[in-house]
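First comes the structure, then the notes that go with it.
Values in this document were obtained by computation on a predicted structure and should not be read as measured data. Reminder, nothing fancy here: chain letters follow the sequence lines and each chain counts from 1.
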Amino acid sequence: MEQKAEVSARRRSDLPGQLIPRAFFERPPEKVAPGLLGKLLVSVDSGRVLAGRIVEVEAYLGPHNDPPDPAAHSYRGPTPRNLVLFGPAGHSYVYAIYGLYFCMNISCEKEGLAGCVLLRALEPVLGIAEMRQNRGLDEDASPRMISGGPSRLCLALGLTRPGHNGLDVTNSESILQVRDDGFPKADVVITPRIGIKHAVDLPLRFAVRGNSCVSGPRKLEQWQSK
DNA sequence: CTGTGGATTTGCT
DNA sequence: GCAAATCCACAGG
């Protein structure tokens, strides 16, 4: 039955759930971020569908905020790399990091303002075997090892730059979409962001409490719920 | 034009 | 727990 669900979803016309409207993303990232938990990131690659449920995200604020967010790529204004962050909401921002990996964000705020949500972990839903292959893992690999981590999820779904940068995730013709399949809201944990050097105390990381795919330290109990 | 360091992952100690 | 791997954007001169 899990098998059947995967087969029936391998058509663009029958992707799981519904597209999320652009207006959802035309808000401050700290509002968008928790709302993305439980939604599906769906990639359509040459007819094949890969999808994962978003279980961990971080918000990065645009330079129009007071105070601004020195950890954000948009902190010093538009550059060739971060340009899509200043464009319309609901577009993918994929960047390379450490010369080896990629990270995937979705732009927020209306055109002219920056701000984005970094996707940090997915729980594999469709095309699990292919994701595992993309990661070079065995049959018994845990979901966490497949797509738990901002660069792991890019490897699992095959997301790269420039190929997947600047895509409209609110468009049904896009090869990268965010969709809502009605999955019930979960208990959300709020913590500081991971792996940054600036603004380390801002509580802008949001994760599904208890989900095994969430990256970083396991001990989330100490953090406030929402 | 050059130097620096990063929103990470992995493997070894 | 720690450091290597490995690239290029961008800030500074």
Legend entry - Between P of B:dT8 and CD of A:E56, the distance in whole Å: 10 Å
Inset, instruction - Send over the distance from A:H73 NE2 to C:dC8 C1', rounded to a whole Å. - result: 12 Å
Legend entry - Test log, rule side chain to side chain contact (heavy atoms under 4.5 Å, CB included), inputs A:E56 and A:C213: CA-CA 8 Å; A:E56 181 190 352; A:C213 295; over 6 Å; no
Inset, instruction - From the options A:L159, A:L153, A:V55, select the one residue that forms a side-chain contact (heavy atoms from CB on, under 4.5 Å) with A:L119. - result: A:L153
Legend entry - For DNA chain B, the dot-bracket pattern of Watson-Crick and G-U pairs whose distances stay under 3.5 Å, | for other-strand partners: ||||||.|||||.
Inset, instruction - Using a 4.0 Å heavy-atom cut-off across all strands, classify A:R161 as base, sugar-phosphate, or nothing. - result: nothing
Legend entry - Separation of atom OH in A:Y93 from atom P in C:dA9, rounded to whole Å: 10 Å
Inset, instruction - Give, ordered by number, those residues of residues 74-88 of chain A having at least one heavy-atom distance below 4.0 Å to an atom of DNA chain B; if nothing qualifies, reply none. - result: none
Inset, instruction - Could you tell me the separation between the CD1 atom of A:I194 and the P atom of B:dG6, rounded to a whole number of Å? - result: 16 Å
Inset, instruction - Determine, stepwise, if the pair A:L176 / A:L41 fulfils side chain to side chain contact (heavy atoms under 4.5 Å, CB included). - result: CA-CA 7 Å; A:L176 194 58; A:L41 179 66; 3.9 Å; yes
Inset, instruction - Check whether any side-chain heavy atom of A:H91 sits under 4.5 Å from a side-chain heavy atom of A:R22, and report yes or no. - result: yes
Inset, instruction - Give, ordered by number, those residues of residues 146-159 of chain A having at least one heavy-atom distance below 4.0 Å to an atom of DNA chain C; if nothing qualifies, reply none. - result: none
Legend entry - From CG (A:N82) to CG (A:N165), nearest 0.5 Å: 10.0 Å
Legend entry - Pair A:Y75-A:H198, side-chain donor/acceptor within less than 3.5 Å: no
Legend entry - Heavy-atom pair of closest approach, residues A:S107 and A:C116: CA-CB, 4.2 Å
Legend entry - Interatomic distance, A:L100 CG vs B:dG11 P [rounded to whole Å]: 12 Å
Inset, instruction - Between A:K197 and A:R135, name the one whose nearest nucleotide on DNA chain B is closer to the 5' end. - result: A:K197
Legend entry - Aro-ring/base stack A:Y60-B:dA7, d under 5.5 Å, angle under 30°: yes
Legend entry - Any donor-acceptor pair under 3.5 Å from A:R193 side chain to A:A59 backbone: yes
Legend entry - Face-to-face contact A:Y98 to B:dT8 six-ring, under 5.5 Å, under 30°: yes
Inset, instruction - Write down the distance between CZ (A:F102) and C1' (B:dT8), rounded to a whole number of angstrom. - result: 13 Å
Inset, instruction - Begin with the C-alpha distance, continue with both residues' side-chain angles, and end with the deciding distance and a verdict on side chain to side chain contact (heavy atoms under 4.5 Å, CB included) for A:E58 and A:L204. - result: CA-CA 6 Å; A:E58 284 175 358; A:L204 292 176; 5.7 Å; no
Inset, instruction - Take atom CG of A:L204 and atom P of B:dA7, then tell me their distance rounded to the nearest Å. - result: 15 Å
Legend entry - Inter-residue atom distance A:F102.CZ - A:R161.CZ, 0.5 Å rounding: 9.0 Å
Legend entry - Minimum side-chain heavy-atom gap A:Q177-A:N171 below 4.5 Å: no
Inset, instruction - Step by step, work out the side chain to side chain contact (heavy atoms under 4.5 Å, CB included) result for A:R205 and A:V214. - result: CA-CA 11 Å; A:R205 173 173 175 248; A:V214 172; 3.6 Å; yes
Inset, instruction - Write down the distance separating the P atoms in C:dG1 and B:dA7, rounded off to the nearest Å. - result: 23 Å
Legend entry - Nearest to side-chain heavy atoms of A:M145, which nucleotide of B:dA7, B:dG6, B:dT10: B:dT10
Legend entry - Separation of atom OH in A:Y95 from atom C1' in B:dG6, rounded to whole Å: 8 Å
Inset, instruction - Give one of base, sugar-phosphate or nothing for A:A71, where a contact means two heavy atoms less than 4.0 Å apart. - result: base
